[in-house]
Amino acid sequence: MSPRAAWRLESLGFRQVYDYTAGKLDWMAAGLPTEGTGAARPRAGDLARKEVPTCGLDERLGEVRDRVRARGWKVAVVVNEERVVLGLLRTGELDADGDRSIEEVMRPGPSTFRPFVPAEEMARFMTEHGLESAPITTADGRLVGLLLREDAIAHTSGGGDRVP
Amino acid sequence: MPTSIDREQLRALRDRDAQLVEVLPASEYEEDHLPGAVNIPLRRIDAEAPRLLDRDRPVIVYCWDGA
């Protein structure tokens, strides 16, 4: 739609016309602010816990496990040097042999969600699919944080009452 | 010929006083739009662009994903 608008503006005599082709999807997927009636709604990116523990592929599980548990977490996100999400370590993976590498034990390619998804939609999806947490990333896969289901439910309009 | 730009170029152009226009329907604009954007749906461009936009300043248009 925007390419046609840009061409039409040029034909109407506008000489400096630019098309932000990636559009609103790109802007919101980057977690950038918007204006409008939806802007006040809590979204996944607002609620995601930014302090979630992270680790790299070549670390030893035992060291990562100690670090994760010392911070009171039961999950960690595996990222590369660009903070692109590569995998997840949930309780089952964290309990594996501590001498193994993260790359060997992680859950690879987890589903990720964009920061602009409303909390209510996330709460419903996570409940339906039995997800306790979900990585929130930008469109290019960079970690924003980890959304906990309890946080998503707490920020729906009716709190836990509306989402079983 | 219109120039395609990315997010960083958009920000740079906004610093140069570019006008930002969402061309989606009003209902979508009202729910969420980029800060400072005005709404001129595609079908109303002929009628409203000459009235609302300054021809001497850059204009950036966007929709949901360029499709």
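Each chain gets a letter, A, B and so on, in the order the sequences are listed, and its residues count up from 1. These numbers come from the heavy atoms of this one structure, side chains and all, not from hydrogens, waters or symmetry mates.
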B:Ser4 and A:Thr21 have their tightest heavy-atom pair at OG-CG2, 3.6 Å
Would you compute the distance between atom CG of A:Asp26 and atom CZ of B:Arg7 and round it to the nearest 0.5 angstrom? 4.0 Å
Given side chain to side chain contact (heavy atoms under 4.5 Å, CB included), test B:Arg11 with A:Leu32 step by step and report yes or no. CA-CA 12 Å; B:Arg11 285 172 155 159; A:Leu32 295 170; 3.1 Å; yes
Are A:Leu143 and A:Met122 linked, directly or through intermediate hydrophobic residues, by side-chain heavy-atom contacts shorter than 4.5 Å (ILVMFWY only)? no
Heavy-atom distance under 4.5 Å between the side chains of A:Tyr18 and B:Leu10, does that happen here? no
Taking B:Asp32 first and then A:Lys24, would you say they form a salt bridge - that is, a charged N and a carboxylate O separated by under 4.0 Å? no
Are B:Val21 and B:Tyr29 connected in a single hydrophobic cluster, I mean Ile/Leu/Val/Met/Phe/Trp/Tyr linked by side-chain heavy atoms less than 4.5 Å apart? no
Consider only side-chain heavy atoms of I, L, V, M, F, W and Y, link residues closer than 4.5 Å, and tell whether A:Met106 and A:Val68 are in one cluster. yes
State the OH-CG distance between A:Tyr20 and B:Leu34, to the nearest 0.5 angstrom. 6.5 Å
Highest number of heavy-atom pairs under 4.5 Å with chain B among A:Ala22, A:Ala39, A:Pro33 belongs to A:Ala22
Within 6.0 angstrom of A:Arg71 CZ, more than 12 heavy atoms from elsewhere: yes
Taking side chain as C-beta onward, heavy atoms only, is A:Arg15 less than 4.5 Å from B:Asp56? yes
Decide yes or no for B:Trp64 and A:Met1: does some side-chain heavy atom of the first lie under 4.5 Å from some side-chain heavy atom of the second? no
Any side-chain heavy atom of B:Pro2 sitting closer than 4.5 Å to one from A:Phe14? no
Can you find a pair of side-chain heavy atoms, one from A:Leu9 and one from B:Ile45, that are under 4.5 Å apart? yes
Against chain B, work out which of A:Ala30, A:Ser11, A:Gly36, A:Pro3 has the most heavy-atom pairs shorter than 4.5 Å and name it. A:Gly36
State, to 0.1 Å, how close B:Tyr62 and A:Gly23 come at their nearest heavy-atom pair, and which atoms those are. CB-CA, 4.3 Å
Main-chain N/O of A:Gly38 paired with B:Glu31 side-chain donor or acceptor, under 3.5 Å: no
Here the gap from B:Cys63 atom SG to A:Leu25 atom CG, rounded to the nearest 0.5 Å, amounts to 10.0 Å
Under 4.5 Å from any heavy atom of chain A, what part of B:Arg44 do you find: side chain, backbone, both or neither? neither
Region of B:Leu53 in contact with chain A, defined by heavy-atom distances below 4.5 Å: both
Restricting to non-hydrogen atoms, name the atom on B:Ala49 and the atom on A:Leu12 that form the minimum distance, rounded to 0.1 Å. CB-CD1, 4.5 Å
Side chain, backbone, both or neither: which part of B:Asp46 has a non-hydrogen atom closer than 4.5 Å to chain A? both
Please check if A:Leu147 and A:Leu88 belong to a single hydrophobic cluster, counting links between Ile, Leu, Val, Met, Phe, Trp and Tyr side chain heavy atoms closer than 4.5 Å. no
So, the part of B:Glu22 with a heavy atom under 4.5 Å from chain A: the answer is side chain
Is it the backbone or the side chain of B:Leu20 that comes under 4.5 Å from a heavy atom of chain A, or both, or neither? neither
dist B:Gln19:CD -> A:Gln16:CD (nearest 0.5 Å) comes out at 9.5 Å
Distance-only, no hydrogens or angles: does the A:Thr37 side chain make a donor-acceptor pair with backbone N or O of B:Glu30 under 3.5 Å? yes
Max heavy-atom pair count under 4.5 Å with chain B, selected residue of A:Arg8, A:Arg4, A:Arg41: A:Arg8
For the residue pair B:Val23 and A:Ser2, what are the closest heavy atoms and their distance? CG2-CA, 4.0 Å
If two hydrophobic side chains count as joined below 4.5 Å and joins carry through other members, does A:Val77 share a cluster with A:Leu131? no
CD of A:Glu132: more than 12 outside heavy atoms within 6.0 angstrom? no
